[in-house]
Structures are given as structure tokens and as C-alpha cells.
Amino acid sequence: MAEELPDWMPRAFSEPRLNRYPRATGGDATAATRLYWWNAEASAALYGPLHCLEVTLRNALHDRIGQRYGEDRWDAFPLNGNGRRLVARARHKCEERGLRSVPADSVVAELSFGFWASLLSRGHDRCLWVPILPRAFPHHSGRRGVLCDSLWSLVLLRNRVMHHEPVHHRDPAADRAKIYRLLGYMSPELVKEIQALDRFPSVLARRNGPDSRF
């Protein structure tokens, strides 16, 4: 399918990456090209809200953990084997940058979105969720499992955005709404600030509008 696209596109982006776009547009090369660029634009528009969600989540969880376990939080709070390996790797990265005494905040910045989302998993229900973490979501009154599932869905979206993968096959409007819903559980004030700058609605309108050809 990719050979139907402009010659330079398969050379620049590779056929395996591009083949998904003609398949999504019924073999229409012009529509596939437009969809590729729309996907890049949609990913760029989602990046800002995802950035705010990831940073706000990790700070909210880290604050609660710090309040409970203090300066020795990374050694004191309960983690499974994989969690401890991730923390050790984060510390090692900090040490490679020349930090002799690694501050807790430096470790926070090295841990992935997936690590923080995993703290809401069933395995941490009794040791973290019940005694500590609900206070990170002061405007949430639902079940932990629903919250965790929503976060993991957005971890997958974030990874697709950051690795330049297709997001057009998802429901981007629902993804955006989920980002704001989760942010609202932590900081309604931040939601208002981001929405004022969010250009995703105009990007989505170009795909769903009456003149759209992809």
C-alpha cells in the first residue's frame, strides 16, 4: 500500500509504519497522507494535557508517600520486586549524573508514568491505596480499579504519542475527556488552566468536519 503514497514518504518514514494509514482509509493514498499528518497533529495536541497529567500524578502520589514515610520513603514504603528494581534503576541514573546523595525528588523525575500508575494496582490495594493514596485524589469518590484502568489506558496513549505511533484508531475525544477527568480528581484549577490553552478541539474538528476526506 505504501507505494501509492508520495515516493518520499516510504523512504522517510518506512513502509511498515505507513501501511497502516492506507488500510485505515480504504487504500486512498491522498486520504492516507492527510491522516498521517492529522495523527501527528493530534498527538502534538494531546501531548500538553498528557504532560500535565503525568507530572501532576507523580507529584500527588509522591507527596502522600512522603508524608507517610518521610525522607527514607524509597526504602521504607512497600513495593514489589519490580517496583524496587525500577527505583534502583532511577537512583542509578541520578548517580550517573554525578549526584552523590540522590534527593527523593530526583528519583521521582526518573520514574515512568507506568510506575506511578502501577501504584494503584490491586497488588498495592492494602499497603498503599487504602491507607495512603486516596488523598492524592481529593475529588474522586469512585473505585480504585476504575481509576487504575483509566490511568493505564492513558499510559498506553502516552507511549503511542511519545513513540510517534498511530492514535487515530482510538477515540481521541474520549481520551481527552479521560485526561481531564483524572486531572479533575487531583486539581480542578489545573483543568481550567489547561483547557484555556488546549487546541485539540480544533484539531479534532478538522477530522470530523463536513469537508474531511480522511
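The salt bridge (charged side-chain N to carboxylate O under 4.0 Å, His left out) search around Arg170 returns Asp175, not counting sequence neighbours. For Arg64, there are no salt bridge (charged side-chain N to carboxylate O under 4.0 Å, His left out) partners, not counting sequence neighbours. Every residue meeting the side-chain hydrogen bond (donor to acceptor under 3.5 Å, both in side chains) condition with Asp75, not counting sequence neighbours, appears here in chain and number order: Arg91.
For the pair Arg158/His51, no side-chain contact is recorded, criterion being any heavy-atom separation below 4.5 Å from C-beta on. Residues Trp116 and Val155 are not in side-chain contact: their nearest non-hydrogen atoms beyond the backbone lie 4.5 Å or more apart. Arg144 places a side-chain heavy atom less than 4.5 Å from the side chain of Arg122.
Minimum heavy-atom separation, Pro131 to Asp125: CD-O, 4.3 Å.
Aromatic ring centres of Tyr36 and His168: separated by at least 6.0 Å.
Between Arg20 and Glu15, no side-chain nitrogen of the basic residue sits less than 4.0 Å from a carboxylate oxygen of the acidic one, so the salt-bridge criterion is not met.
Between Phe13 and Trp8, the two ring planes are perpendicular [angle over 60°; tilted spans 30° to 60°].
Enclosure of atom NZ in Lys178 by more than 12 non-hydrogen atoms of other residues, nucleotides or ligands within 6.0 angstrom is indicated. Open room surrounds CD on Glu193; 12 or fewer heavy atoms of other groups in view lie less than 6.0 Å from it.
To the nearest 0.5 Å, atoms CZ (Arg23) and CG (Leu18) are separated by 10.5 Å.
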